[in-house]
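Structure first, then comments.
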Amino acid sequence: MEMGFPLVDHLSKQNMSLETNHTYDVAIVGGGLAGLSLSIQLARAGYHVAIFEKEAYPFHKVCGEYLSFENWNFLEELGLPLSDWHLPFIKQLQVSSPNGNHIENDLGLGGFGISRYKLDAALADLAKKTGVQVFEQTKVLDIQYQNQLFHIQSTAINISAKVACGSFGKRSNLDIKWKRGFALKKNGSLNNFIAVKYHIKTDFPSNLIALHNFKDGYCGISRIEEEKCCLCYLTTAKNLRDNHQSIPEMEKNVLQKNPFLKKIFSSSHFLYEQPITISQISFEKKLKVENHILMIGDAAGMIMPLCGNGMSMALHGGKIAFKNIDAFLKNQIARFEMEQGYTDEWNRIFGKRLLAGRSIQRFFGNEKLSEFLVRFIKPYPKFVTYLIRQTHGSPY
Ligand SMILES: Cc1cc2nc3c(=O)[nH]c(=O)nc-3n(C[C@H](O)[C@H](O)[C@H](O)COP(=O)(O)OP(=O)(O)OC[C@H]3O[C@@H](n4cnc5c(N)ncnc54)[C@H](O)[C@@H]3O)c2cc1C
């Protein structure tokens, strides 16, 4: 059955030519790793899928761009030719305290470096080839649930769907519109971070990821494709305010007190004129299902980007969602069972990892604690490997 859904007045006037009425099996809001990987799995299983992305591919995203190896097979099975891309394999971790004390350790399973510019665009391409209807440069304004159907209202088109998924990332217009708990919280220790990212060319080993601490933050650096490096840091909004809202001033006065960062900032070739930035990052808990909409990836909960496991949680979360949605659409389970099954599995697989990330995060970005951590664990490399393993998962 096809269903219509009226656009609000000013939108219908602007976008009349794009308006269609169509019912999909699944509508996905947000074309990052969670949404795109889910859309491909669903389309392969024969479902009629639409995904909305407010930007146009390819585009840059704030992210450290270190992806744990646990995702390698899954991405290749989806159809990405990772082995042909000659990506750097990252096996060593270096951690430094603000004054330059440092440790280096084996990463265990390790990971590989790839830019989001390349990865997300390749997945979007694959989604289109698999038959997913990809609406680019189309922002979703609201989703309403009525009589077992979701009505999705966007800047360009309105559709209906039997299942709706929210994979719209860390913070979106929909979080505010739906008054999600984390978006309403007052600024505190878990919810007022900013992040800054550059691509640079610099002399940096291809098998290493470094995490350099500075006052109230830490900066990751590792290689991606084409011999470039991703340099990405997380700090508090207060740190920027204390430096007159000036990123160059903060980098000079705060980050570059760490001798490793001083060397990187003074000897590298920065490939963008301006960095890419995001603000109001929150690591607060989030609901996995909102008004029957399954939340996936960062929209379901964010892990501290220490050893970079957010991308794994987005991809693996998409796989868990697929399993539950598939069973629902085949009438094997009821809607409430799909919602409960997804929530339970998400918590079982990621709960411990999030807790470990939160606990270890306390030591990062804190001058005294990060110094203590580096000095304390230096003689115990096995303990470092253990800590890293707590924030990582296994191939799935
Ligand atoms: C500083 C920092 C460094 C990080 N480093 C790493 C790392 O090295 N390794 C790692 O594994 N993880 C890292 N992460 C985490 C990782 O970036 C995220 O976990 C991952 O991107 C989540 O993917 P996602 O698909 O949930 O969201 P996203 O990739 O953010 O995708 C969400 C998409 O939704 C779109 N969107 C939002 N609202 C709407 C709307 N209303 N309509 C349509 N589209 C919409 C957005 O444009 C976006 O493309 C880092 C995070 C931060 C903050």
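Predicted model, so just to flag it, every value in this text is computed and none were measured.
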Which atom names give the shortest non-hydrogen contact between [X] and [Y], and what distance separates them?
X: Cys229; Y: Arg223; result: SG-CD, 3.5 Å
X: Leu109; Y: Ser68; result: CD2-OG, 4.2 Å
X: Tyr396; Y: Ser312; result: OH-O, 4.4 Å
X: Tyr342; Y: Ala300; result: OH-CB, 4.5 Å
X: Val62; Y: Lys170; result: O-NZ, 4.3 Å
X: Pro58; Y: Ala121; result: CB-CB, 3.7 Å

Show the numbers, then the answer: is there a side-chain contact (heavy atoms from CB on, under 4.5 Å) between Leu38 and Ile296?
CA-CA 9 Å; Leu38 172 63; Ile296 313 165; 3.4 Å; yes

Greater than 12 external heavy atoms within 6.0 Å of [X]'s [atom1]:
X: Gln274; atom1: CD; value: no
X: Asp203; atom1: CG; value: no
X: Gln146; atom1: CD; value: no
X: Lys61; atom1: NZ; value: yes

Are the side chains of [X] and [Y] in touch, meaning some heavy atoms are under 4.5 Å apart?
X: Val49; Y: Tyr24; answer: no
X: Glu251; Y: Phe265; answer: yes
X: Lys162; Y: Leu149; answer: yes
X: Leu78; Y: Ser37; answer: yes
X: Phe182; Y: Lys285; answer: no
X: Ile114; Y: Glu225; answer: yes
X: Leu208; Y: Glu104; answer: yes
X: Val29; Y: Ile293; answer: no

Could you tell me whether [X] and [Y] have a side-chain N and a carboxylate O separated by less than 4.0 Å?
X: Arg116; Y: Asp120; answer: yes
X: Arg348; Y: Asp344; answer: no
X: Lys201; Y: Glu227; answer: no
X: Arg180; Y: Glu284; answer: no

Flag yes if [X] and [Y] sit in one hydrophobic cluster, no otherwise; membership is Ile, Leu, Val, Met, Phe, Trp, Tyr, and two members link when side-chain heavy atoms are under 4.5 Å apart.
X: Ile320; Y: Leu354; result: yes
X: Tyr198; Y: Leu240; result: yes
X: Leu294; Y: Leu287; result: no

With ring centroids as reference points, do [X] and [Y] lie under 6.0 angstrom apart?
X: Tyr233; Y: Tyr218; answer: no
X: Phe283; Y: Phe193; answer: yes
X: Phe270; Y: Tyr272; answer: no
X: Tyr66; Y: Phe112; answer: no
X: His22; Y: His48; answer: yes

Separation between [atom1] of [X] and [atom2] of [Y], rounded to the nearest 0.5 Å:
X: Leu255; Y: Met250; atom1: CG; atom2: CE; value: 6.0 Å
X: Ile276; Y: Phe59; atom1: CD1; atom2: CZ; value: 10.0 Å
X: Ile51; Y: Gln133; atom1: CD1; atom2: CD; value: 11.5 Å
X: Leu42; Y: Leu329; atom1: CG; atom2: CG; value: 7.5 Å
X: Asp216; Y: Asp242; atom1: CG; atom2: CG; value: 8.0 Å
X: Leu36; Y: Leu315; atom1: CG; atom2: CG; value: 9.5 Å

side-chain contact (heavy atoms from CB on, under 4.5 Å) between Trp72 and Leu82, worked out:
CA-CA 8 Å; Trp72 183 274; Leu82 293 181; 3.6 Å; yes

For residues Gln144 and His151, is any side-chain donor paired with an opposing acceptor at under 3.5 Å?
no

Will you find, in the side chains of Ser96 and Asn258, an N or O donor that is under 3.5 Å from an N or O acceptor?
yes

Might you work through the salt bridge (charged side-chain N to carboxylate O under 4.0 Å, His left out) test for Lys118 and Glu226, ending with a clear yes or no?
CA-CA 11 Å; Lys118 185 176 174 83; Glu226 294 166 11; 5.6 Å; no

Please lay out, stage by stage, how His292 and Glu339 fare under the test side chain to side chain donor-acceptor pair (under 3.5 Å).
CA-CA 7 Å; His292 304 286; Glu339 294 171 9; 2.7 Å; yes

Would you call the rings of Trp178 and Phe168 parallel, tilted or perpendicular if under 30° counts as parallel and over 60° as perpendicular?
perpendicular

Look at the aromatic rings of His60 and Tyr117 and report parallel, tilted or perpendicular, splitting at 30° and 60°.
parallel

Provide the full list of salt bridge (charged side-chain N to carboxylate O under 4.0 Å, His left out) pairs with a residue in residues 62-78, sequence neighbours left out, each pair given once.
Glu65-Lys197, Glu70-Arg353

Would you check, one step at a time, whether the test side-chain contact (heavy atoms from CB on, under 4.5 Å) holds for Asn105 with Leu107?
CA-CA 6 Å; Asn105 210 84; Leu107 258 179; over 6 Å; no

Full working for side chain to side chain donor-acceptor pair (under 3.5 Å) between Tyr47 and Asp326
CA-CA 9 Å; Tyr47 297 113; Asp326 186 38; 2.6 Å; yes

Decide side chain to side chain donor-acceptor pair (under 3.5 Å) for Thr235 and Asn239; before the verdict, give the C-alpha distance in whole Å, the side-chain angles of both, and the deciding distance to 0.1 Å.
CA-CA 7 Å; Thr235 187; Asn239 216 351; 3.0 Å; yes

Take Ile221 and Leu261 through the side-chain contact (heavy atoms from CB on, under 4.5 Å) test and state the conclusion after the steps.
CA-CA 10 Å; Ile221 175 168; Leu261 289 174; over 6 Å; no

Please report the C-alpha distance between Lys323 and Glu345 in whole Å, then the side-chain angles of each, then the deciding distance to 0.1 Å, and finally whether the salt bridge (charged side-chain N to carboxylate O under 4.0 Å, His left out) criterion is met.
CA-CA 10 Å; Lys323 199 176 89 182; Glu345 205 168 340; 3.0 Å; yes

Which is it for Asn243 and Asn253 under the side chain to side chain donor-acceptor pair (under 3.5 Å) test, yes or no, and what are the steps along the way?
CA-CA 8 Å; Asn243 286 277; Asn253 293 339; 3.1 Å; yes

With sequence neighbours left out, write down each residue that passes ring-ring contact (aromatic ring centres under 6.0 Å, His included) with Phe350, or none if nothing qualifies.
His316, Trp346

